[in-house]
Number of protein chains: 2
Amino acid sequence: MYTVKEVAALLDLTEHTVRYYTDKGLVPNLQRDEHNNRQFDKAAVNWLLCVKHLRHCGMGLNDIKTYISLCQEGDATVSERYEIMSKQQAAALAQLEEAKRRVAYIEEKANRYFDLLMKMKSENPI
Amino acid sequence: MYTVKEVAALLDLTEHTVRYYTDKGLVPNLQRDEHNNRQFDKAAVNWLLCVKHLRHCGMGLNDIKTYISLCQEGDATVSERYEIMSKQQAAALAQLEEAKRRVAYIEEKANRYFDLLMKMKSENPI
DNA sequence: TATCACCTTCGAGCAACTCGCAGTCAACCG
DNA sequence: CGGTTGACTGCGAGTTGCTCGAAGGTGATA
């Protein structure tokens, strides 16, 4: 069982975001303790992780909510869920490629600045 | 020389976003033609590309603007720019790792749905 | 001449946070 | 026993970064 603070640290989200997601109903069957504090069990943490990953694929919170509802409905929705996941898989792969290009671009810039800095230092030593 | 539409297609941004960035001053020395239409030369496209990459690293538009201003100021700001790029390089690398984890997570889900679907089909053929 | 296919500005709207306040509760400390 | 600390609560307002659409200008084509 985790508190908001713990689960936020665990999943690298802010506490605000965790509350925001739970308030939006993105974590089914979230328990509360006797003081009304949110209690995250394994399942709740997994739902949050799922939200996080889908969110980072570019999926909107409403669509994520729809997907989570489908998950609650049992085997009848498996093919629909498969369609959704396939789309997000494509999105995730495209993003991975883009992330690689980004790293290459920025690495090159950083290296050029570094070389320039070295050159400037050697031309004008202290 | 590119129009808004062309540069948007080239960099995979919306036309709205391209105009938004230029209006925010994120593309130095952007030229206009005799009808006041934005004209993107090689340099302008490169600035936009730079904005796009930094943006996707999680950098805010204000910070990007600051960086671009530093670029305009010449060699005196090289070390400052190097610091910025190093930070963004770290961010980009962290993101790449996260993107890999995301792909793995979603791939696994999609595969499980696929297997489940196959199993359901074989148990209940048409 | 009119209908396109572009472009322009501008202001409103929206998603997803993000922040901070006021208040509750439990635990510890002098 | 009072006070402080710290983590939680809800809630409403603010921010960022788009996103959309209206209203209008220009030039080429039918």
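All heavy atoms count here, side chains included; hydrogens, waters and symmetry mates do not. In what follows, chains are A, B, ... by sequence order, proteins preceding strands, each numbered from 1.
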Asks: Rounded to whole Å, how long is the line connecting atom CG of B/L54 with atom P of D/dG17?
Replies: 13 Å

Asks: Can you identify which nucleotide, out of C/dA16, D/dC18, C/dT8, has its nearest atom closest to the B/N37 side chain?
Replies: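 Ranking C/dA16, D/dC18, C/dT8 by closest atom to the B/N37 side chain puts C/dT8 first.
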
Asks: From CG of B/L26 over to C1' of D/dG17, roughly how many Å is that when rounded to an integer?
Replies: 11 Å

Asks: Is A/R112 paired with A/E108 through a side-chain N to carboxylate O contact shorter than 4.0 Å?
Replies: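 Looking at A/E108 and A/R112, the cut-off is met.
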
Asks: Counting only heavy atoms from other residues, nucleotides and ligands, does the tally under 6.0 Å from CG of A/D33 exceed 12?
Replies: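 Atom CG in A/D33 is crowded, with more than 12 foreign heavy atoms closer than 6.0 Å.
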
Asks: Quickly work out the A/L30 CG to D/dG10 P distance and round it to whole Å.
Replies: 10 Å

Asks: Tell me whether A/Y2 at atom OH has more than 12 heavy atoms from other residues, nucleotides or ligands lying less than 6.0 Å away.
Replies: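 Not buried by this count: 12 neighbours or fewer within 6.0 Å.
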
Asks: Figure out the CG/C1' separation between B/N36 and C/dC10, and round it to whole Å.
Replies: 14 Å

Asks: Using a strict cut-off of less than 4.0 Å between a Lys/Arg side-chain nitrogen and an Asp/Glu carboxylate oxygen, indicate whether A/E98 and B/K52 qualify as a salt bridge.
Replies: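 Salt bridge between A/E98 and B/K52, a charged N being under 4.0 Å from a carboxylate O: yes.
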
Asks: Could you tell me the separation between the CG atom of B/D33 and the P atom of D/dT26, rounded to a whole number of Å?
Replies: 12 Å

Asks: Do any side-chain nitrogens or oxygens of B/R32 fall under 4.0 Å of OP1 or OP2 in C/dC7?
Replies: no

Asks: If you round to the nearest 0.5 Å, how far is CG of A/L30 from OH of A/Y21?
Replies: 15.0 Å

Asks: Please report the distance, rounded to the nearest Å, between CZ in A/R55 and C1' in C/dA16.
Replies: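 The answer, rounded to whole Å, is 6 Å.
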
Asks: For A/E15, is there an ion pair with A/R19 - N to carboxylate O distance below 4.0 angstrom?
Replies: yes

Asks: Rounded to whole angstroms, how far apart are CD on B/E15 and P on C/dC7?
Replies: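 Roughly 5 Å, once rounded to whole Å.
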
Asks: Just checking, is any N or O donor in the side chain of A/T3 or A/R38 under 3.5 Å from an acceptor N or O on the other one?
Replies: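 On atom types as modelled, these side chains do not qualify, holding no pair under 3.5 Å.
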
Asks: Under 4.0 Å from OP1 or OP2 of D/dC8: is there any side-chain N or O of A/R38 that close?
Replies: no

Asks: Among C/dA16, D/dC18, D/dA7, which nucleotide sits nearest the side chain of A/K5?
Replies: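 Of the options given, the side chain of A/K5 lies nearest D/dA7.
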
Asks: Expressed in angstrom and rounded to an integer, what is the separation of B/F40 atom CZ from C/dC6 atom P?
Replies: 16 Å

Asks: When you check every protein heavy atom under 4.0 Å of nucleotides 18-25 of chain C, what one-letter string (B, S, -) results, 5' to 3'?
Replies: -BB----S

